[in-house]
Peer 1: 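Have a look at this one before I ask anything.
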Amino acid sequence: MCGIVGYVGPKSTLDVLLGGLKRLEYRGYDSAGVSVIDAKVGLQTRKRAGKLGALIEELEQNPLQDAHIGIGHTRWATHGAPNDVNAHPHLGGDHHKLSLIHNGIIENFSELKAELLNQGVQFSSETDSEVAAHLIAREFEKTKDLTSAFRNVVNRLEGAFTLLCIHEDQPDLILAARRNSPLVIGLGEGENFLGSDVAAFVAHTKRAVSVGQDEIVELRKDSVKVTNFAGTEVALSEFTVDWDASAASKGGWPSFMAKEIADQPQAVGDTLMGRLRSDGSVKLKEFAGFDAISQIDRIIIIACGTAAYAGEVTKYALEKWAKIPTSVELAHEFRYRDPIVNEKTLVIAISQSGETMDTLMATRYAKEKGAKVLAICNTQGATLARESDAVLYTHAGPEVAVASTKAFTAQITAGQLVALSLAWLRSAMPAQQLKDVGQELLKLPRQIEQVLQQGKKVKELAIELKDAKSVLFLGRNVGFPIAMEGALKLKELAYIHAEGFAAGELKHGPIALIEQGQPVIVVVPSPKGEDSLHSKVVSNIQEIKARGARVIAVAEEGDAEVTKYADQVFFIPATHPYLAAQLSVVPLQIFASELASAKGLDVDQPRNLAKSVTVE
Ligand code: F6R
């Protein structure tokens with residue numbers, strides 16, 4: 001949720017921290033702050049409620065002496081309102097020599113705070129994080145060894161945390177710790193970095209190291225040491241970031257979301273690359289050595305939000321092509337009942353960030369019960385990827401806008417590759433039919449480009465509907481999760497009431513919502529699909545038209561029936577019925593993004609949200 005950056009080296013620390021925070025702002029944008037240590041001036045801190053711009057203004061009005069070591073934070077509020085006082089960094093000790101930033105939730109903070117209050121410690125904020133700052137500062141006063149003080153305190157904390165801490169008396173060292181919350185090291189020449197993800201430092205170095213669960217980092221400009229919470233040194237596992245800083249910039253687009261929608265042909269193409277041969281056959285090298293995959297008798301897909309809708313689309317392919325019973329579970333619900341999971345269960349955990357706490361906890365729970373785990377993940381070195389038996393990376397590149405778009409179409413594509421691969425492994429369908437689907441998949445990037453060309457028309461509709469109070473979405477088969485995804489995008493970006501329904505469910509209740517002028521966006525299946533539901537959806541359109549709905553359809557090119565009844569149609573190229581998901585979602589994404597822009601809203605950073613939800 002919060003974004004964290006640390007730097008030690010010869011560059012302007014403020015430049016590095018503010019550049020990193022800019023790229024991490026998608027994680028949270030309720031407030032931002034920095035601390036740096038200058039040898040003469042000592043520890044200096046500036047922080048402000050609001051987006052990063054507010055901190056930059058504060059630094060202009062109240063400049064600080066730039067330095068060569070520092071930490072920075074952008075906040076998504078959990079404990080305490082998003083105001084100046086609760087903004088990070090938090091200072092510890094009687095002389096405020098220690099500065100600390102935190103991502104996560106310290107669950108036992110109340111008892112720790114009570115203990116400190118009893119000792120006469122005064123708190124400035126309502127946050128759980130300030131407790132850690134005071135505890136470390138007090139421990140340091142006793143031990144005079146910052147690293148052991150830090151270790152002693154993190155061993156007392158419960159919950160989820162990434163902590164970064166600097167102290168005026170040890171101005172060459174940043175200490176960091178992580179439990180259930182992300183942290184990555186960036187390795188430079190005579191300089192080193194820390195970040196919540198590699199975006200924090202990719203402009204400076206592509207050499208990165210993931211920090212494992214319950215590990216502590218001692219970062220100096222020319223050395224990096226990682227130990228576990230007990231103090232035993234652990235080996236660094238270095239990886240190379242495979243994208244550069246320009247991939248995480250808007251590149252002339254009005255918003256990251258607009259850019260990321262337009263990036264989808266590439267995101268899908270890159271996800272297919274090297275996995276799908278030109279004859280349409282699929283072989284996933286990610287399954288090599290993953291022998292358990294041939295023993296499984298059911299699949300549970302675990303995810304949240306948009307990623308769960310990608311899972312819903314994937315379910316159709318897994319059951320139809322690979323013939324494996326599949327269910328999709330919202331991670332936060334799954335873990336708190338008593339699901340039936342055993343050694344023959346394959347869990348497919350889908351997550352763009354690979355750091356979503358609900359998904360991680362549910363996956364760990366399934367693993368404990370014996371399940372094998374395959375992650376579909378977009379972030380190299382993410383916790384989910386590290387904790388899974390196998391990983392299929394989506395190669396969507398960095399997704400910065402809070403609302404997921406290109407990661408979604410890449411997740412569905414990866415899910416379909418898994419389904420095809422399992423179908424090949426189990427000979428679940430005739431080879432030629434599997435190759436035919438593969439051939440259709442290969443056409444998808446080009447077909448998404450064709451759909452994108454209708455962006456201008458979709459924008460006109462969005463502007464026209466900008467004052468709508470409610471928009472409904474209908475779909476069947478894979479069109480149902482796409483309808484729910486279209487509704488989610490509109491809710492989160494434009495703050496308009498929106499709901500996605502299975503079109504067959506309409507007559508069981510939702511049709512009562514239809515009144516004169518109610519906009520309804522209908523995702524229409526292909527008229528040529530083998531189990532065509534087309535005529536049933538066309539009947540639904542007639543039913544809602546008769547009750548005054550304004551019908552906007554997303555339908556296959558040449559669908560004359562739909563054109564007769566809908567007020568407006570956006571066409572997608574003909575494809576396999578399941579692959580239509582990646583095409584029909586594109587106008588819905590553009591619609592939500594343009595409608596939010598027409599209302600003057602911040603498309604990339606909608607209110608109350610954060611990109612990666614690292615708390616439960
Ligand atoms: C909505 C959106 C969220 C995420 C969800 C899971 O646009 O982005 O619903 O899909 O929070 O995030 P990841 O995929 O990172 O696990």
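Side chains are part of it too, since the values below use all heavy atoms of this structure and drop only hydrogens, waters and symmetry mates. FYI, the numbering just counts along the sequence from 1.
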Peer 1: I'd like to know if the side chain of Ser181 reaches the main chain of Arg178, judged simply by a donor and an acceptor atom lying under 3.5 Å from each other, with no hydrogens or angles considered.
Peer 2: no
Peer 1: In sequence, state the C-alpha distance, the side-chain angles, and the governing distance for Ile482 and Tyr309, and then conclude on side chain to side chain contact (heavy atoms under 4.5 Å, CB included).
Peer 2: CA-CA 7 Å; Ile482 294 304; Tyr309 296 141; over 6 Å; no
Peer 1: Tell me whether Lys372 is salt-bridged to Asp389, with the criterion being a basic N under 4.0 Å from an acidic carboxylate O.
Peer 2: no
Peer 1: Give a yes or no on whether Lys283 atom NZ has more than 12 heavy-atom contacts from other residues, nucleotides or ligands under 6.0 Å away.
Peer 2: no
Peer 1: In the structure I gave you, are the side-chain heavy atoms of Leu360 and Asn180 within less than 4.5 Å of one another anywhere?
Peer 2: no
Peer 1: If you apply the rule side-chain hydrogen bond (donor to acceptor under 3.5 Å, both in side chains), what do you find for Glu399 with Ser404, and how did you get there?
Peer 2: CA-CA 7 Å; Glu399 194 179 59; Ser404 186; 3.1 Å; yes
Peer 1: Going by distance alone, is a donor N or O of one side chain under 3.5 Å from an acceptor N or O of the other, for Thr306 and Glu485?
Peer 2: yes
Peer 1: Do Lys323 side-chain atoms and Leu318 backbone N/O form a donor-acceptor pair below 3.5 Å?
Peer 2: no
Peer 1: Establish, yes or no, whether a centroid distance under 6.0 Å links the rings of Trp321 and Tyr578.
Peer 2: yes
Peer 1: Under 3.5 Å, is there a donor-acceptor pair between the side chain of Trp253 and the main chain of Ala262?
Peer 2: no
Peer 1: Taking Asn192 for its side chain and Gly188 for its backbone only, find out whether a donor-acceptor pair lies under 3.5 Å.
Peer 2: yes
Peer 1: Any carboxylate oxygen within less than 4.0 angstrom of a Lys/Arg side-chain nitrogen, looking at Glu238 and Arg207?
Peer 2: yes
Peer 1: Under the 3.5 angstrom rule, does the side chain of Glu260 hit a backbone N or O of Ser255 as a donor-acceptor pair?
Peer 2: no
Peer 1: With a 4.0 Å cut-off, would you call Lys11 and Asp15 a salt bridge?
Peer 2: no
Peer 1: Could you check whether Lys206 pairs with Asp242 (Lys NZ or Arg NE/NH1/NH2 to Asp/Glu carboxylate O, under 4.0 Å)?
Peer 2: no
Peer 1: Check this for me, if you would: do Lys466 and Glu594 make a salt bridge, where the nitrogen-to-carboxylate-oxygen distance has to be below 4.0 angstrom?
Peer 2: no
Peer 1: Less than 4.5 Å apart, any side-chain heavy atom of Leu272 and any of Leu441?
Peer 2: yes
Peer 1: For Asn103 and His73: C-alpha separation, side-chain torsions, deciding distance, then whether side-chain hydrogen bond (donor to acceptor under 3.5 Å, both in side chains) applies.
Peer 2: CA-CA 9 Å; Asn103 172 33; His73 187 267; over 6 Å; no
Peer 1: Side-chain contact, heavy-atom cut-off 4.5 Å: Val347 with Leu374?
Peer 2: no
Peer 1: Establish, for the pair Arg75 and Tyr29, whether the NZ or CZ atom is under 6.0 angstrom from the six-membered ring centre and no further than 45 degrees off its axis.
Peer 2: no
Peer 1: Restricting to non-hydrogen atoms, name the atom on Tyr393 and the atom on Gly381 that form the minimum distance, rounded to 0.1 Å.
Peer 2: OH-N, 3.2 Å
Peer 1: Looking at Glu460 and Lys457, does any basic side-chain N land under 4.0 Å from a carboxylate oxygen?
Peer 2: no
Peer 1: Do the ring planes of Phe193 and Phe201 sit parallel (below 30°), tilted (30 to 60°) or perpendicular (above 60°)?
Peer 2: tilted
Peer 1: Hey, does Glu286 have a side-chain heavy atom less than 4.5 Å from the side chain of Arg275?
Peer 2: yes
Peer 1: From the options Leu493, Leu609, Val603, select the one residue that forms a side-chain contact (heavy atoms from CB on, under 4.5 Å) with Val402.
Peer 2: Leu609
Peer 1: So do the side chains of Leu284 and Leu392 get within less than 4.5 Å of each other, counting heavy atoms only?
Peer 2: yes
